[in-house]
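Notes for the one structure printed next.
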Amino acid sequence: MAKLIDSFLGWMDTAAENRARRIANVSGRRSFLQKAGWALVGGAVLPMLPYDNSNGQAFARGLGEPDELPEDCEYWRYCSLHGSLCSQCGGSVTQCPPGSTPSKVAWVGTCRNPNDDKDYLVSYNDCCGKGGGCGDGCSRQEGDRPGYRYGLASESSWCLANEDKGIHCTVAIVVGLAE
Amino acid sequence: MAKLIDSFLGWMDTAAENRARRIANVSGRRSFLQKAGWALVGGAVLPMLPYDNSNGQAFARGLGEPDELPEDCEYWRYCSLHGSLCSQCGGSVTQCPPGSTPSKVAWVGTCRNPNDDKDYLVSYNDCCGKGGGCGDGCSRQEGDRPGYRYGLASESSWCLANEDKGIHCTVAIVVGLAE
Amino acid sequence: MANRTAAAFGLLCVIAGAYAPTLAFAQAEEFVPETVTTKERMDPGQNVFVNMQNWGGGPSVAYIYDAKDLTLKGSVSGGSQSHFTISADGNTAYMASGYYPRYDSGAGEHVLQIFDVPTNALTKEIVLPYKLAQYTDDIAFLRLSSDEKLIYIQNATPATSVTVVDLTSGTVVQEVPTPGCFGIYPTLEDHGFSTICNDGAFTTFTLSEDGTSAESQKSAKIFDPDADPIYLSSDRAEGNLLFISYHANVYRLDDSKGVIEKLSVTPIAEGVEGNWGTSGYSVVTYNEPNGILFVPMHSEHHDGSHYHGSEEVWAYDLKNKTLLYRSPLADLTAIHVTDEEVPQLFGLSLKNTKIYKFDVDPTAKFAAKQVAEHSDFGFATTLMASP
Amino acid sequence: MANRTAAAFGLLCVIAGAYAPTLAFAQAEEFVPETVTTKERMDPGQNVFVNMQNWGGGPSVAYIYDAKDLTLKGSVSGGSQSHFTISADGNTAYMASGYYPRYDSGAGEHVLQIFDVPTNALTKEIVLPYKLAQYTDDIAFLRLSSDEKLIYIQNATPATSVTVVDLTSGTVVQEVPTPGCFGIYPTLEDHGFSTICNDGAFTTFTLSEDGTSAESQKSAKIFDPDADPIYLSSDRAEGNLLFISYHANVYRLDDSKGVIEKLSVTPIAEGVEGNWGTSGYSVVTYNEPNGILFVPMHSEHHDGSHYHGSEEVWAYDLKNKTLLYRSPLADLTAIHVTDEEVPQLFGLSLKNTKIYKFDVDPTAKFAAKQVAEHSDFGFATTLMASP
């Protein structure tokens, strides 16, 4: 954990910290999360949470989700997805397949949940360190921006901060309300 | 050259030399060439011959070939080909594309030339050290045998004796009459 | 969980000094944010393994499908031009492959990687002699000894030899020269293997208990490599070895006596109209409880057509030497049947880059029909199933 | 040649001691055996380069096509997720990419490789800071200075910076931090580049002659990243920089004064029925002699559709602010037009994995029609042409 925080702060120090400060000053919280949340959500929190053994049933409470989650690109939380669905690669909507590692960082989308008609922040983590294609590819990319807003950039590899750079598939994690 | 002969003799010493002697004793010349010719033709002779700058017009004299060689898998000398045609990758029938290196060893087929109705020995060299697919793939594989007759084995990589193992495409060299 | 998450964010916020102390989702009453995790273990059940060989300087992948419906359950990945096998219980996977420093160039290394199947985790990597066969995959290239203490690995430089690895110590214990011979067919007892030689004979190598030494014995001529060449593909039938030729002659061999003996040659296409020949790479698969051999076949076969895709899969009763049924299964280049009373048949198509599952009906002459398929692998010629 | 070949065989025969002194083909009167060679140089002529990025842990390849008919003339290959550019004369190619020891895992290295185009030969390799952007390729990621003495390379860890390499010495001379900014747009004079920042401003870095130091100046807000985000794609028009937004507004910028100034914003789809938006990755390409901008476009564009394939390519007269012609060219995701009086237009389709050539008729409002195509590359979003 300490090491991860170090590495998180490492790049914040060298490059984005001043930017983060500035954005935090001039923008609302949502806008800030959209820009910087990927690092928070995907990177630093991850190692504090225990691994999930519920075999794919780990979706969030409070979303009004049906028991069976849709498996196609049109599923609401995939609104900004760009990648292959881990649920078709041995993982689930929120779980990387066995033997792969979630990306430390991620891009973030804002998706409307039709079950409660609220907007949620969705973190798109790549699953890293494993070769081979798998799963349907989705390219909805709503809210996508080029790398000048890196936290929204679905065209980046998000295994870029992991030691193992190979990209296997992508998961979609509902990490916050976007109101 | 000395190094190549060394390496040629190297594997002959360790493995196939006795086999070569035995086959030479019990078989006709054609049969021997089919089995061991790949090492001779592709491996040891290559470095003694100057590079060819004639831009793809280097096909053999005495074959009665038309001026324009066919570009498809049905061309007679491709009878045992298994791979992509170098003539569609920047090379020619007998030339590896720029920046690639002919395999030191090759498998050999026996193909009937419709221009003179004679059978010729054709050496299939892979072009090595370069990535990326290119060219139509052909799988005629006439006379192909599994690796127990390695010199006829079109399912092997023939970059296996080169330092650079990447396979780019395959050329077909008419190296002898098969009568 | 919510508290822990909020705490985590809070901690970071303090440290980074740039964030409000609470974030939007911590304020929502009902909503509990999700976390990204890794699924630790594949769902249990019978698996089918397909070794996708990468010939383009990148990673090969063994895909692991649910035998029930071909759902993709996981995968393990290695280097280029992989060879692959699994333990008898299906819980350990082995891949031998090459890694090159500039992908398509540069002197690299050949390695044996061992994976825990349920977790898809790499558990061990053993560097091999830099001689690994770079050859379209067959199960004959990476073989466990029957007690799974040794593993035999096919080399070709193009001189052929077999690397012997002691899996207990994780070390290479021997390189057995096998000049002019190819393919590894381990003995059922003790340590050793047979291999097919260029003159149509087999050589059987009997290894010491620790795998460090070998004695060889060459058989009589078993087949004619010119007139009736056999594939590398093989299976066991009641303890014997089965091979098949391009021309669909089944060779049944005994390897129990330290040297190969030919028991029978059965021409399965004899008398069938249409000049049928064998079709594909993994072309010999035998269902033991029923004594049925399954073979992908194509008509009007000719020199060079032996690796072409199937038009049919034949169910042949090897005990009664009877062709039972010709299922119209097109484009298959590899098949594998399970050793169950009601067999499951799996197939690969290079043309369609798909894996298929076929139900086989023992009450209908072992007719096979497709019940599932899955796409998205690349170049694959071998498949196997766990029990 | 026959004598030399025979001599070569003879030499070997003596050494190997296993061969008859003369071989069949040496005895044939007319037949002269062929030899395998490497073609030393590509055929001369104008080339089109397509950078095929490998995202699967294997080699990326820049394919080199004959601009005349899209015949494949050659290629150069590098590592994973390449970025690519060529010198102004088209004779030198540069590729920045990653090599990883286990292809999909392990700490690797990022390198700049330099190739001689006519021979496809690797001439130099420079190890870069291990920070190279792993991002769908745009020409904005690997840029030569106008004098071609320096090369600028985009980093993202995800913190963004630019590596500066001195091509004369072959050394990394500086890493310029570019926090919150992305894309490299070199100045036409001296050493320096601009970059797009997260608040819609640009920052221009002016480098010292030797590239070792940099001063920066930030522009006013040029565009609204929320309401009208621009692509990374760009071209030059009469010395100015051109960008385009998702919503097809063309931004014309002046970068000649050490800081970016906005000259104009031109909405090219305004007044056109069907809610048209920009389509693809390399979406800005300008034919200088005629002042025509070509843009791939699709109708009913919406949030998330900006990278979808085209329905049409529009020829827009940027001087007269007139939409001249809408050519019905489907599925294109990248285009490039040459700076010739009679322009040649080239396009890529991710969907079809093909490159296309289109003839453009200046006498017919720059209407474009397909005249050639070539398949067999993979994931590619950038293309460029030599003079």
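Within every chain, numbering begins at 1; the chains are lettered A, B, ... in the order of the sequence lines, protein sequences first and strands thereafter.
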> What's the shortest heavy-atom distance between B/Gly131 and D/Pro59, and which atoms?
Replying inline: CA-CG, 4.2 Å

> Quick one: does D/Ser75's side chain get under 4.5 Å of B/His168's, heavy atoms only?
Replying inline: yes

>> Out of B/Gly99, B/Cys86, B/Pro98, return the one with the most heavy atom pairs under 4.5 angstrom to chain D.
In response: B/Pro98

>> I'd like to check the side chain to side chain donor-acceptor pair (under 3.5 Å) partners of D/Thr382; sequence neighbours left out, ordered by chain and number.
In response: D/Asp137

>> Taking B/Cys96's backbone N and O only, do any of them form a donor-acceptor pair with D/Thr38's side chain (distance below 3.5 Å, no angle check)?
In response: no

>> Counting only heavy atoms not in D/Lys351 (residues, nucleotides, ligands), do more than 12 fall under 6.0 Å from its NZ?
In response: no

> So how far is it from B/Asn125 CG to D/Thr37 OG1, rounded to the nearest 0.5 Å?
Replying inline: 10.0 Å

>> Rounded to the nearest 0.5 Å, what separates atom SG in B/Cys127 from atom NZ in D/Lys39?
In response: 12.5 Å

> Between D/Thr119 and chain B, which part of the residue has a heavy atom less than 4.5 Å away: side chain, backbone, both or neither?
Replying inline: backbone

> Between D/Val61 and B/Lys130, is a side chain to side chain contact (heavy atoms under 4.5 Å, CB included) present by the stated rule, with each step listed?
Replying inline: CA-CA 9 Å; D/Val61 179; B/Lys130 204 180 215 191; over 6 Å; no

>> Any side-chain to backbone donor/acceptor pair from D/Glu34 onto B/Val174? Under 3.5 Å, distance only.
In response: yes

